[in-house]
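Quick note: numbers below take in every heavy atom, side chains included, and nothing from hydrogens, waters or symmetry partners. All residue numbers refer to positions in the sequence shown, counting from 1.
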Amino acid sequence: MDDEGDLLQEDTRDEGNETEANRMSKLRRTRKKVTKQHLFSTEVGEMDISNSKDDTRDGTQLPTTPHISSRMKHIKQEMVKNHLQFVRFEATDLHGVSRSKSIPAHFFQEKVIHGVCMPRGYLELIPNPKDDEVDHIRATCFNSDIVLMPELSTFRVLPWAERTARVICDTFTVTGEPLLTSPRYIAKRQLSQLQDSGFSLLSAFIYDFCIFAVPEIINSKTISFPASTLLNNHDQPFIQELVDGLYHTGANVESFSSSTRPGQMEICFLPEFGISAADNAFTLRTGVKEVARKYNYIASFFIETGFCNSGILSHSLWDVDGKENMFCSSSGIEELTITGKKWLAGLLKHSAALSCLMAPAVSCRKRYSKESKDLKDSVPTTWGYNDNSCAFNIKCHGEKGTRIENKLGSATANPYLVLAATVAAGLDGLQSSDGVLVGPDDSTDLYQSKPSEIPLKLEDALVALEEDQCLRQALGETFIRYFVAMKKYELENEETDAERNKFLEYFI
């Protein structure tokens, strides 16, 4: 797209050893400064996009030729070692679902250079689009091609697919411009903004998902205890293959257990810096379905009752070198630092708009009301220390140090959008002093000039997203326009339960 408005960008290069006060001062001074256009680069080439009206920098550094050659040499060795026949070029669509094209392995090097073409509509439309959807969104053209360019560091042999590997791709137009609706590109751009401000993000997703057909095996109508050892061990080969497979794709599972509902499991990833946390979640969303099929199960992030499972983003802010947790209080008490309070203030301030991206379907929003029968339009945004009932749960215990669990998300949300929006809201909290005010240094309180509310209706959440100038600027006008139009179309053409179940394995 080349007809969208400019995005304001930060130009605050970190010097590495700044104090927290200096970082805050720099953020305030540079909040309105606009950066110059930068060239966007990939693992395999550099593409001039200086004519794009949206700022398209994502912070990716162009590897040197020896670096690329070294990676290709390693990949070729893996191909020979594992007798690979096919490589999937995968990219996320707006829903966070993997869309891919597979190529014969002997064409891989050629496709690394030139990319793989895919119809643009595959990534930007719902799974079974009708003719009037394109008119509804008023898009320029969904019938054009886009190009999948692989990020070679994500190349992995897939343990659950015979003689097949995958590589996660970034998406470009055929003229070399990044696809501005790409969730992974948006997330990388926000992480770049964070790095320019002198910080890095350590994060991990915690997902619930359901395994259908398990109830017939374990009679779960009478057994539904969370973290029950019996349930954890009822189908050990399935869980072992899933966890071991995720490990071999680079997604390290820290723990797993049964959850609160029949057939429901919880899986927690180890925290990682940068885009890797979202890549791991993206890998799980496809991997769990493929492994489940081998055992004649169906894996879904929907619950039998029509509710959505939770998808929590546990995260902490670190210095740009990843050596110091900026949320941790030196006193060792259960309290956020000033930086942590400001970050939390940003999350609270933008919680209404955040909820639109993190609970993007009607059924997802039921969990906000905790199945209450009271007729309300919204519920307060809650936060607390070591309180799992809160929307933002601050945990100061454990070897990971202080971290914030963003519990607004459902497991159906796109993990790249969850990551990007969380960073955008947190950065705004660091940069501004309006809306939500941090309490005194010796206080754990946050003082809000206007209490934060989470809309219960998706329609109201869409309005909140459209009116949130910070997120519009951070995620880009192009993306916001597509996302809101897509959701409005879905609301106007809401599927019945029977019809929706046809897409059960799509909307996971």
Which atom of [X] lies closest to which atom of [Y], heavy atoms considered:
{"X": "L458", "Y": "P360", "result": "CD2-O, 3.8 Å"}
{"X": "K188", "Y": "D170", "result": "NZ-OD2, 2.8 Å"}
{"X": "F273", "Y": "G322", "result": "CZ-CA, 3.8 Å"}
{"X": "R365", "Y": "S355", "result": "NH2-OG, 2.7 Å"}
{"X": "Y185", "Y": "L179", "result": "CD2-O, 3.9 Å"}
{"X": "A352", "Y": "A464", "result": "CB-CB, 3.8 Å"}

Going by heavy atoms in the side chains, are [X] and [Y] under 4.5 Å from each other?
{"X": "F199", "Y": "D319", "value": "no"}
{"X": "L347", "Y": "I404", "value": "yes"}
{"X": "S197", "Y": "L427", "value": "yes"}
{"X": "E124", "Y": "Y482", "value": "yes"}
{"X": "H114", "Y": "M149", "value": "no"}
{"X": "R285", "Y": "P415", "value": "yes"}
{"X": "P150", "Y": "F89", "value": "yes"}

* Considering only NZ, NE, NH1 and NH2 on the basic side and carboxylate oxygens on the acidic side, decide whether E90 and R99 come within less than 4.0 Å. =>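 Salt bridge between E90 and R99, a charged N being under 4.0 Å from a carboxylate O: no.
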
* Is the shortest side-chain N to carboxylate O distance from E151 to R71 below 4.0 Å? -> no

If only atom types and distance count, is the side chain of [X] paired as donor or acceptor with the main-chain N or O of [Y] below 3.5 Å?
{"X": "N325", "Y": "F327", "value": "yes"}
{"X": "R472", "Y": "L465", "value": "no"}
{"X": "T337", "Y": "M326", "value": "yes"}
{"X": "R184", "Y": "I168", "value": "no"}
{"X": "K111", "Y": "I103", "value": "no"}
{"X": "N414", "Y": "D93", "value": "yes"}
{"X": "T286", "Y": "T283", "value": "no"}
{"X": "R120", "Y": "V147", "value": "no"}

Could you state the interatomic distance from [atom1] ([X]) to [atom2] ([Y]), rounded to the nearest 0.5 Å?
{"X": "Y385", "Y": "T402", "atom1": "OH", "atom2": "OG1", "answer": "8.5 Å"}
{"X": "I186", "Y": "L357", "atom1": "CD1", "atom2": "CG", "answer": "9.0 Å"}
{"X": "T382", "Y": "D387", "atom1": "OG1", "atom2": "CG", "answer": "7.0 Å"}
{"X": "N252", "Y": "L246", "atom1": "CG", "atom2": "CG", "answer": "9.5 Å"}
{"X": "N406", "Y": "R403", "atom1": "CG", "atom2": "CZ", "answer": "14.5 Å"}
{"X": "W343", "Y": "I394", "atom1": "CH2", "atom2": "CD1", "answer": "13.5 Å"}

Residues in side chain to side chain donor-acceptor pair (under 3.5 Å) with [X], at least two apart?
{"X": "R156", "result": "none"}
{"X": "E290", "result": "R88, W160"}
{"X": "D208", "result": "S310"}
{"X": "N386", "result": "none"}

Go through the structure and list residues passing ring-ring contact (aromatic ring centres under 6.0 Å, His included) with [X], not counting sequence neighbours.
{"X": "F155", "answer": "F108"}
{"X": "F479", "answer": "F483"}
{"X": "Y416", "answer": "F282"}

* To do: In sequence, state the C-alpha distance, the side-chain angles, and the governing distance for I146 and L148, and then conclude on side-chain contact (heavy atoms from CB on, under 4.5 Å).
  => CA-CA 7 Å; I146 50 92; L148 308 183; 3.7 Å; yes

Hey, are [Y] and [X] close enough side-chain-wise for a donor-acceptor pair under 3.5 Å?
{"X": "S98", "Y": "S100", "answer": "no"}
{"X": "D460", "Y": "S378", "answer": "no"}
{"X": "D428", "Y": "H350", "answer": "yes"}
{"X": "S452", "Y": "T381", "answer": "no"}
{"X": "T173", "Y": "T175", "answer": "yes"}

According to salt bridge (charged side-chain N to carboxylate O under 4.0 Å, His left out), who are the partners of [X], at least two apart in sequence or on a separate chain?
{"X": "R166", "value": "none"}
{"X": "E459", "value": "none"}
{"X": "D468", "value": "none"}
{"X": "E467", "value": "none"}

* Criterion side-chain contact (heavy atoms from CB on, under 4.5 Å) on M118 and L123, from CA distance to verdict -> CA-CA 9 Å; M118 174 182 284; L123 301 180; 4.1 Å; yes

* **Audit row: L201, L419, side-chain contact (heavy atoms from CB on, under 4.5 Å) steps and yes/no** => CA-CA 10 Å; L201 192 77; L419 185 68; 3.4 Å; yes

* To do: Please step through side-chain contact (heavy atoms from CB on, under 4.5 Å) for the pair M358 and S410, ending with a clear verdict.
  => CA-CA 6 Å; M358 299 184 183; S410 76; over 6 Å; no

* Does the ring centre of F205 sit less than 6.0 Å away from the ring centre of Y207? ->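 Between Y207 and F205, the centre distance is under 6.0 Å.
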
* Structure fact -> Those residues at least two apart in sequence (or on a different chain) that pass side chain to side chain contact (heavy atoms under 4.5 Å, CB included) with E405 are I206, I312, S314, N388, N393, K395, K407

